[in-house]
Amino acid sequence: MSISLANPAFRYYALSVVALSVKQIFTHCYTGVVKLRTGQVTPEDAIFKPNPKKDNTHPDVERALAVTRNDHENIYLFYVIAFLYVLTGASATAAQILFPVFVVSRYLHTYFYQFLKAQPWRAFAFIAGLAVNIFMIVSIILSLQK
């Protein structure tokens, strides 16, 4: 399968990467805001927040950092799996369904984790993204055995 915007599956992949990158940029900026708001800044950032706190264990900062770590554990994996999925000839219809499901699941996961602090909804959002990745992995393996 071709890696160009003429390939609809690759186009959906590219849009998903952009949407997830925007989400990660927002998450990183939000983490910085939380650190400044709580005074949990590094010494060099103290110019933005006079009298920073020495203890870097504020729960809001820990939660924001946990969201970032969870994104790193899942989004980068999606980038690789989805790219391989497109390379193996994924249909545009499958990509049109799977990729947005993953993107929406990551946005919802962050919303439930960072702002609502709501289970089981956070777990449901995580599982939806995980299911997309597992489906694509199985599809890749099956297409490689042909």
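All residue numbers refer to positions in the sequence shown, counting from 1. All values derive from a computational prediction rather than experimental measurement. Any value given below was found using the heavy atoms of this structure, including those in side chains, with hydrogens, waters and symmetry copies removed.
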Quick one: pull up CZ in Phe26 and CG in Asp71 and give me the separation to the nearest 0.5 Å. 11.0 Å
Using residues 116-123 as the side-chain source, report each donor-acceptor pair under 3.5 Å to any protein atom, sequence neighbours left out, with the distance given to one decimal.
| residue | atom | partner | partner atom | Å |
| --- | --- | --- | --- | --- |
| Gln119 | OE1 | Ala123 | N | 3.1 |

Spacing of Thr31 atom OG1 and Gln114 atom CD [to the nearest 0.5 Å]: 6.5 Å
What distance do Tyr79 atom OH and Ser16 atom OG have between them, rounded to the nearest 0.5 Å? 9.5 Å
Nearest heavy atoms of Ser105 and Ala125, plus distance in Å: CB-O, 3.2 Å
Indicate yes or no: at least one non-hydrogen side-chain atom of Phe112 is less than 4.5 angstrom from one of Phe124. no
Check side chain to side chain contact (heavy atoms under 4.5 Å, CB included) between Phe135 and all other residues, then give those that pass, not counting sequence neighbours. Tyr85, Leu98, Ser139
Go through Cys29 and Ile25 one step at a time and tell me if the side chain to side chain contact (heavy atoms under 4.5 Å, CB included) criterion holds. CA-CA 6 Å; Cys29 291; Ile25 290 168; 4.3 Å; yes
Taking the side chain as every heavy atom from C-beta outward, state whether Asp60 and Arg37 have any pair of such atoms under 4.5 Å apart. yes
Nearest 0.5 angstrom please: Thr27 OG1 to Ile75 CD1, how far? 7.0 Å
Under 3.5 Å, is there a donor-acceptor pair between the side chain of Arg106 and the main chain of Gly129? no
Minimum-distance pair of heavy atoms, taken over all atoms of Phe99 and Tyr12: CD1-C, 3.6 Å
Partner set under side-chain hydrogen bond (donor to acceptor under 3.5 Å, both in side chains) for Thr110, not counting sequence neighbours: Lys23
Tell me whether Phe102 shares a hydrophobic cluster with Val22, the cluster being built from Ile, Leu, Val, Met, Phe, Trp, Tyr side chains joined at under 4.5 Å. yes
If we only count heavy atoms from C-beta on, is the Tyr30 to Phe115 side-chain gap below 4.5 Å? yes
Do Leu87 and Val132 sit in one hydrophobic cluster, given that two such residues count as connected whenever their side-chain heavy atoms are within less than 4.5 Å of each other, even indirectly? yes
List for me each residue that meets ring pair (Phe, Tyr, Trp, His ring centres under 6.0 Å) alongside His72, sequence neighbours excluded, and say none if there are none. His28, Tyr76
Answer whether the closest heavy-atom distance between the side chains of Met136 and Phe78 falls below 4.5 Å. yes
Shortest non-hydrogen pair, Val86 vs Tyr13, comes out as CG2-CB, 4.1 Å
Spell out, yes or no, whether Val67 and Val33 are grouped together once hydrophobic residues are joined by side-chain heavy atoms under 4.5 Å, including indirect joins. no
Tell me whether Tyr113 shares a hydrophobic cluster with Val34, the cluster being built from Ile, Leu, Val, Met, Phe, Trp, Tyr side chains joined at under 4.5 Å. no
Find the distance between CD1 (Ile127) and CD1 (Ile134) and round it off to the nearest 0.5 Å. 9.5 Å
Donor-acceptor contact present, side-chain Asn74 to main-chain Asn70, <3.5 Å: yes
By side chain to side chain contact (heavy atoms under 4.5 Å, CB included), which residues pair with Arg11, not counting sequence neighbours? Leu5, Pro8
Hey, any chance Leu144 and Phe83 share a hydrophobic cluster, counting ILVMFWY side chains that come within less than 4.5 Å of each other, even indirectly? yes
Of all the heavy-atom pairs spanning Ser91 and Ala94, show the shortest one and how long it is. OG-N, 3.0 Å
Heavy-atom closest contact (Ile140 atom, Ile81 atom, distance): CD1-O, 3.5 Å
Using modelled atom types only, decide if a donor and an acceptor are shared between the side chain of Tyr107 and the backbone of Ala19 within a distance under 3.5 Å. yes
Minimum heavy-atom distance Ala90-Ala9, with the two atoms named: O-CB, 3.6 Å
Partners meeting side-chain hydrogen bond (donor to acceptor under 3.5 Å, both in side chains) with Thr93 (sequence neighbours left out): none
